[in-house]
Structure formats: C-alpha cells, structure tokens
Amino acid sequence: MTADEQYRQNLAFLATKPHMAGMLAQLPLAPMTNIQLMPWAQGQLFGQVFDPVTQQWWALCSPENPMEEAERDCDQLYTRDAKVFTLLGMGLGYFVTAFAKRLQPWQRLVVWDTDPTLFKAMLHAVDVSPLFSDKRTDIHIGTD
C-alpha cells in the first residue's frame, strides 16, 4: 500500500469514530513542513523531522526496518505487570501501534505528542486502527 493509500484508509477509519471529528477537521490545516517521508525497506516509510534550533534532521523511526525494530523494542519494554503506559511522542507510529496491540484488558496506553504534523505523518506510515479500536488508548495531540 502506498503512503497516500494508507492515509486515505486511516482517514476513512477515523471518520467512523465520532470523537475524532475535530481532529479530522484540523488535519488539512496541519502543513507537512520540516518533515521528510521517504519509501524504505519492504514498502515502509522512513521519516525525518528538521529541528530549527539545532539545524539538524532527526529520525522518526529506524531507517533499516522500522516495523521490525518497533516489535523488538516492544518485546523489551512491555510488561504485563504495569497498568498504565505513557509515551511521549509517536514518531511515525510504528512503536506506538505495535505497543497498543500488546495491551491487556486491564492496561492503558497514553500517548502525548505536541506536534500535529507528526500525527498526520503517522497516518501515512501505519495502520492506526490498533490505537483507536478500543478504549484502552488515549492519544493527546497539541500543546493544550
């Protein structure tokens, strides 16, 4: 699936979630500036974001195999003993969606990201249905 096809599929899925109406209305207003999305291994996207303070590009995911690395990282960080997990930032979404798939009914995942551009970029890279299919995840986008 191309990045544009993934984006359209995610928008169609999120349109079925009434609580996402405000976010969907704002997406066209979020320009994809200071970010590069490039096709990479096995059709996955690699992304970089430009930091104007340091004047450097920072990777949003593994450049080698983002999905595989996200799965490995989840294997190392996930535990059945925790009740709530908090992630700061979502990158291109590989890790956060892999992590959401591991959640048990007694666990919650809360993700905070101040940059709506990265949320929009994530919609191009991964299937977001694991994040919005049940009430075990909370995604907070923006500075409020």
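Keep in mind that the numbers below use all heavy atoms, side chains included, and drop hydrogens, waters and symmetry copies. Positions are given from 1, in the same order as the sequence printed here. Since this is a predicted model, take the numbers as computed values, not measurements.
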Heavy-atom donor-acceptor pair, [X] side chain to [Y] backbone, under 3.5 Å:
X: Gln107; Y: Phe85; result: no
X: Lys120; Y: Ala30; result: yes
X: Gln44; Y: Met67; result: yes
X: Arg108; Y: Asp138; result: no
X: Gln104; Y: Arg102; result: yes
X: Asn10; Y: Leu123; result: yes
X: Glu5; Y: Thr2; result: yes
X: Gln26; Y: Met23; result: no

Q: Determine the interplanar angle of the Phe132 and His19 rings, folded into 0 to 90°, and report it as parallel if under 30°, tilted if 30 to 60°, perpendicular if over 60°.
A: tilted

Q. So Tyr7 and His124, would you call those rings parallel, tilted or perpendicular, with 30° and 60° as cut-offs?
A. parallel

Can you measure from [atom1] ([X]) to [atom2] ([Y]) and round to the nearest 0.5 angstrom?
X: Leu92; Y: Met122; atom1: CG; atom2: CE; value: 9.0 Å
X: Arg72; Y: Ser62; atom1: CZ; atom2: OG; value: 7.0 Å
X: Thr114; Y: Leu88; atom1: OG1; atom2: CG; value: 10.0 Å
X: Leu60; Y: Tyr94; atom1: CG; atom2: OH; value: 10.0 Å

Q.
Using the side-chain contact (heavy atoms from CB on, under 4.5 Å) definition, which of the options Leu87, Asp113, Val111 pairs with Ile139?
A. Val111

Q | Under 4.5 Å side-chain linkage, directly or through intermediates, the cluster mates of Trp106 | A | none

**Q.** Shared hydrophobic cluster for Leu118 and Val110 (ILVMFWY, side-chain gaps under 4.5 Å)
**A.** no

Q | pair Val128-Leu14: side-chain heavy atoms closer than 4.5 Å | A | yes

**Q.** Pair Val126-Gln6, side chain to side chain contact (heavy atoms under 4.5 Å, CB included): steps then yes or no
**A.** CA-CA 7 Å; Val126 298; Gln6 183 67 67; 5.9 Å; no

Q.
Looking at Trp112, I'd like to know if its CH2 atom is crowded, meaning that more than 12 non-hydrogen atoms belonging to other residues, nucleotides or ligands lie closer than 6.0 Å.
A. no

